Amino acid sequence: MAISLDSLVTKANPKPPIILVHGLHGLGKTSFGAAAPNPVGLFTEDGLGKLEFPHFPKAETFSDIMDAIGVLYNDEHEFKTLVFDSLDHFEALVWAETCSRNGWRTIEQPDFGKGYNAALVVWTEFFDGIAALRNDRGMIIYLIAHTAIVKSKSPDTEPFDVYDVKLHESGKGVGAKPLAKELADCIFYMGQRTSVVENKSDKSMRGGGLGPRTLFTERRPAYEAKNRYGLPPEIPVGEVDKMADTWDGILEYVFN
């Protein structure tokens with residue numbers, strides 16, 4: 001393609017988003033995915049409960065995952081959202097595939113973290129696959145991960161704890177976690193605000209009530225989040241019968 005000033009464009013042409021949601025267990029991350037437009041599930045764990053929507057059989061290997069992605073890419077269908085649950089359970093399948101390809105017993109068998117580096121090749125195959133579903137098939141990609149409390153190190157502050165995506169990252173900042181966070185258009189932390197109350201008898205502090213389930217969309221010292229669409233910093237998830245409305249509101253920001 002010849003490049004010239006005539007090739008400059010101004011108007012954005014947004015693609016469907018890749019959304020990564022992390023949070024503690026039991027908050028409704030999978031239920032929220034089931035409320036997305038025309039969802040199809042691809043699972044590495046038993047997290048459906050009573051939810052009923054089209055999904056592939058639980059994946060037992062990395063090949064199972066890539067085969068399902070291939071079906072969604074090549075076959076005709078009307079699904080609009082891939083619900084992937086969960087990235088951190090999938091990481092074990094990535095490590096098993098990496099070990100199989102290299103003849104290793106465990107991902108830690110090679111010295112100096114070489115196993116984890118080799119796993120990034122396998123991770124990239126997966127990320128390329130879901131990106132192709134978004135780019136070529138116009139699918140929303142909804143990735144679920146659990147949350148881990150990690151130590152955040154900043155050159156201008158003392159270390160502090162933060163809720164972050166539960167994926168591997170080396171001390172040098174290399175791993176599946178930074179790859180996933182770079183790929184995602186949105187990282188939402190699903191959580192609840194906790195009130196703290198004082199025990200009048202001994203002046204000790206304890207957790208009080210919990211607020212409504214909320215998607216936190218902008219990074220704060222307490223949690224990892226981001227979005228590329230100017231979303232409100234907090235979005236109520238809503239009860240199950242209102243979750244589709246929440247999706248409509250998010251997609252309104254994406255496409256308009």
Side-chain angles (χ1 to χ4, degrees), residues 17-25 27 29-30 32-33 42-45 47 59 61-62 65-66 69 82-99 101-102 104 106-134 140-155 157 159-191 215-228 231:
I18 297 177
I19 298 174
L20 169 55
V21 172
H22 69 104
L24 301 177
H25 61 276
L27 283 177
K29 298 183 294 295
T30 308
F32 186 63
L42 182 51
F43 301 120
T44 61
E45 59 175 294
T61 67
F62 176 80
I65 294 293
M66 297 307 295
I69 290 173
L82 172 64
V83 178
F84 190 88
D85 189 0
S86 66
L87 281 177
D88 41 302
H89 279 240
F90 176 57
E91 186 159 53
L93 303 185
V94 171
W95 290 348
E97 176 68 16
T98 305
C99 291
R101 293 183 186 184
N102 292 277
W104 299 329
T106 71
I107 198 67
E108 294 187 344
Q109 179 180 339
D111 294 332
F112 308 111
K114 292 180 180 179
Y116 296 109
N117 288 337
L120 298 183
V121 174
V122 182
W123 269 111
T124 299
E125 294 173 17
F126 167 74
F127 289 138
D128 287 348
I130 60 174
L133 289 181
R134 185 270 292 273
I140 299 165
I141 307 298
Y142 177 79
L143 306 171
I144 295 172
H146 293 93
T147 288
I149 300 176
V150 302
K151 191 69 69 177
S152 178
K153 297 180 181 179
S154 173
T157 67
F160 57 91
D161 291 338
V162 59
Y163 289 117
D164 204 348
V165 179
K166 188 180 179 183
L167 289 173
H168 180 264
E169 180 178 10
S170 73
K172 296 182 179 180
V174 177
K177 180 162 64 177
L179 285 180
K181 289 161 70 169
E182 181 180 355
L183 176 70
D185 300 299
C186 300
I187 301 172
F188 297 155
Y189 170 62
M190 184 181 288
L215 295 174
F216 298 94
T217 72
E218 295 180 352
R219 190 175 189 272
R220 296 289 186 270
Y223 52 80
E224 182 67 23
K226 75 170 186 179
N227 80 88
R228 294 172 175 164
L231 289 164

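On a predicted model such as this, the values are computed, not experimentally measured, just so you know.
For His146, the side chain to side chain donor-acceptor pair (under 3.5 Å) partners two or more places apart in sequence, or in a different chain, are Asp88. Partners of Ala148 according to the side chain to side chain contact (heavy atoms under 4.5 Å, CB included) rule, which considers only residues two or more places apart in sequence or in another chain, are Val150, Lys166. The side chain to side chain contact (heavy atoms under 4.5 Å, CB included) check on Leu93 picks up Thr44, Phe90, with sequence neighbours excluded. Looking at residues two or more places apart in sequence or on another chain, you find a side chain to side chain contact (heavy atoms under 4.5 Å, CB included) between Cys99 and Trp104, Ile107.
Residues Glu45 and Asp85 form a side-chain contact, since some pair of their non-hydrogen atoms from C-beta on lies under 4.5 Å apart.
For His168 (side chain) and Glu91 (main-chain N/O), no donor-acceptor pair under 3.5 Å exists by modelled atom type. Side-chain N or O atoms of Lys226 include one that pairs as donor or acceptor with a backbone N or O of Lys181 at under 3.5 Å.
Trp95 and Tyr116 have perpendicular rings, their planes meeting at more than 60° on a 0 to 90° scale where under 30° would count as parallel.
Residue pairs meeting the salt bridge (charged side-chain N to carboxylate O under 4.0 Å, His left out) criterion with at least one member in residues 168-179, sequence neighbours excluded, are Asp164-Lys177, Glu169-Lys177.
A side-chain hydrogen bond (donor to acceptor under 3.5 Å, both in side chains) with Thr147 is found for exactly one of His22, Lys29, Glu224, namely His22.
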Listed pairs under 3.5 Å, donor-acceptor, residues 118-134 side chains, sequence neighbours left out:
{"residue": "Thr124", "atom": "OG1", "partner": "Leu120", "partner atom": "O", "Å": "2.7"}
{"residue": "Glu125", "atom": "OE1", "partner": "Arg101", "partner atom": "NH2", "Å": "2.9"}
{"residue": "Glu125", "atom": "OE2", "partner": "Arg101", "partner atom": "NH1", "Å": "2.8"}
{"residue": "Arg134", "atom": "NH1", "partner": "Pro16", "partner atom": "O", "Å": "3.0"}
{"residue": "Arg134", "atom": "NH1", "partner": "Asp185", "partner atom": "OD2", "Å": "3.0"}

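Heavy-atom contacts from other residues, nucleotides or ligands closer than 6.0 Å to OH of Tyr163 number 12 or fewer.
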Legend entry - Evaluation steps, side-chain contact (heavy atoms from CB on, under 4.5 Å), between Leu42 and Ile69: CA-CA 9 Å; Leu42 182 51; Ile69 290 173; 4.2 Å; yes
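With values rounded to the nearest 0.5 angstrom, Leu87 atom CG is found 5.0 Å from Leu143 atom CG.
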